[in-house]
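Here's the structure, in structure tokens; my notes come after.
Please read all numbers here as calculations on a predicted model, not as lab measurements. So that the names make sense, note that chain A is the first sequence line, chain B the second, and so on, each numbered from 1.
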Number of protein chains: 2
Amino acid sequence: MSDLLERLRGRGWRMTPQRRVVAEVLAGEHVHLTADEVLARAAARLPEIARATVYNTLGELVALGEVAEVAIDGRAKRYDPNAHRPHQHLVCSGCAAVRDVRPDGDPLADLPAAERFGFTVLEVEVTYRGLCADCA
Amino acid sequence: MSDLLERLRGRGWRMTPQRRVVAEVLAGEHVHLTADEVLARAAARLPEIARATVYNTLGELVALGEVAEVAIDGRAKRYDPNAHRPHQHLVCSGCAAVRDVRPDGDPLADLPAAERFGFTVLEVEVTYRGLCADCA
DNA sequence: ATATTGACTTGGACCAAGTCCATTGTAGGA
DNA sequence: TCCTACAATGGACTTGGTCCAAGTCAATAT
Ligand SMILES: [Mn+2]
Ligand SMILES: [Mn+2]
Ligand SMILES: [Zn+2]
Ligand SMILES: [Zn+2]
């Protein structure tokens, strides 16, 4: 049983069959599903689940900080259960496979003050692109 | 007159009033317009220009490498005439202002081999987020 | 065990961003 | 000036997502 479900229950999250299957579908490493993929997998287990419910539930999981919303390609957003330790993404330009990666160093430090235009810079998002072993 | 237009003419790009105004609208530093913003500004000069023409023209400019397509926020794509020297973006979370920035160092070098999962990594895209002087 | 009720789910309408296509127009060469 | 390959048009269509009124139900209280 996923400890995501445990944590959610511990936080007093109201449990329903729909919410359970959505949370269950979002388990594992390197998981970056679109909302429609989540819907398809959830519907395999609970056929009458509605699209709006999947969006509502994903939105709440994001608000709770349990799932990260990732815009990888300007198309559908992806939902990433690995929200507890921040990380970056490595994306295959061939097959769109996504891996979680942890670069060395602090990318914030690479932006010199002269290039900050008076901004208070708070976070950095890095996307590495290339070809996976299969697509190369 | 923009040297973008000169370059396009030199490349044998067929010139039309529509293409001219789209290219003219895309001039300047730190310009990151959405397709609809390009349409609005082009239509101020050439009222009957069609949405599809703006999309067609932007698509061609991107294919020619004269304009870069940037997905900054998972909303509408932005079109960036500063395509000749690669750069990264600094985005205000308050007002969505976008500045071009050039971080120090090579971000590719920060991704250790052990974190490459057999990929041939070709490019890196970095987005810095924070608050601009006005929004802070 | 049952009643209660506020929160959750549903399906469909709606929306924004973008693509597609048949028709009409025209830039630029002969 | 004529021709024609390429470009522009506008409207339908698609994708990804939001919103809402009505119905349902999980959790609590009795
Ligand atoms: Mn991830
Ligand atoms: Mn830029
Ligand atoms: Zn691949
Ligand atoms: Zn701002």
Worksheet item: Where each residue is assigned the nucleotide of DNA chain C containing its nearest heavy atom, which of B/Met15 and A/Thr53 is assigned the position nearer the 5′ end?
Response: A/Thr53
Pairs under 3.5 Å (N/O, protein and nucleotides 16-18 of chain C):
unit_1	atom_1	unit_2	atom_2	d
C/dG18	OP1	B/Lys77	N	3.0
C/dG18	OP2	B/Tyr55	OH	3.0
C/dG18	N7	B/Arg51	NH2	2.3

Practice prompt. Identify which nucleotide among D/dT9, C/dT9, D/dC19 has an atom closest to any side-chain atom of A/Thr57, counting heavy atoms from C-beta outward.
Written response: C/dT9
Worksheet item: Once you round it to whole Å, what is the distance between P of D/dA26 and CG of A/Leu8?
Response: 17 Å
Discussion item. Using whole Å, what does the distance between atom P of nucleotide C/dT10 and atom CZ of A/Arg19 come to?
Written reply: 11 Å
Worksheet item: Do the two ring centres, one from A/His32 and one from A/His30, sit under 6.0 Å apart?
Response: no
Discussion item. With a 4.5 Å cut-off on side-chain heavy-atom distances among I, L, V, M, F, W and Y, is there a chain of contacts connecting B/Val70 to B/Leu64?
Written reply: no
Discussion item. Can you measure B/Trp13 atom CH2 to C/dA27 atom P for me and round it to whole angstrom units?
Written reply: 14 Å
Discussion item. I'd like to know if the side chain of A/Glu37 reaches the main chain of A/Thr34, judged simply by a donor and an acceptor atom lying under 3.5 Å from each other, with no hydrogens or angles considered.
Written reply: yes
Worksheet item: Taking atom P of C/dG25 as reference, at what distance in whole Å does atom CD of B/Glu48 sit?
Response: 14 Å
Worksheet entry | Between P of D/dC6 and CZ of B/Arg11, the distance in whole Å | 18 Å
Worksheet item: Heavy atoms under 4.0 Å, any strand shown: does A/Thr16 hit a base, just sugar-phosphate, or nothing?
Response: sugar-phosphate
Worksheet item: Nearest-Å distance, CG (B/Asn56) to P (D/dT9)?
Response: 10 Å
Worksheet item: Starting at CG of A/Leu46 and ending at C1' of D/dC25, how long is that distance when rounded to a whole Å?
Response: 14 Å
Practice prompt. Among D/dT9, C/dG12, D/dA26, find the nucleotide with the atom closest to the side chain of B/Ala52.
Written response: D/dT9
Practice prompt. Report the distance from atom CG of A/Leu33 to atom CG of A/Leu39, rounding to the nearest 0.5 Å.
Written response: 11.5 Å
Practice prompt. Ignoring backbone atoms, establish whether A/Gln18 has a side-chain N or O less than 4.0 Å from OP1 or OP2 of C/dT10.
Written response: yes
Discussion item. Please check if the number of heavy atoms outside A/Arg129 that lie under 6.0 Å from its CZ is greater than 12.
Written reply: yes
Worksheet item: Counting distance only, does the side-chain N/O of A/Gln88 pair as donor-acceptor with the main-chain N or O of A/Val126 below 3.5 Å?
Response: yes
Worksheet item: What's the CZ-C1' distance between A/Arg14 and C/dT4, to the nearest Å?
Response: 12 Å
Item to complete: Decide if atom CZ of A/Arg75 counts as having more than 12 heavy atoms of other residues, nucleotides or ligands within a radius under 6.0 Å.
Response: no
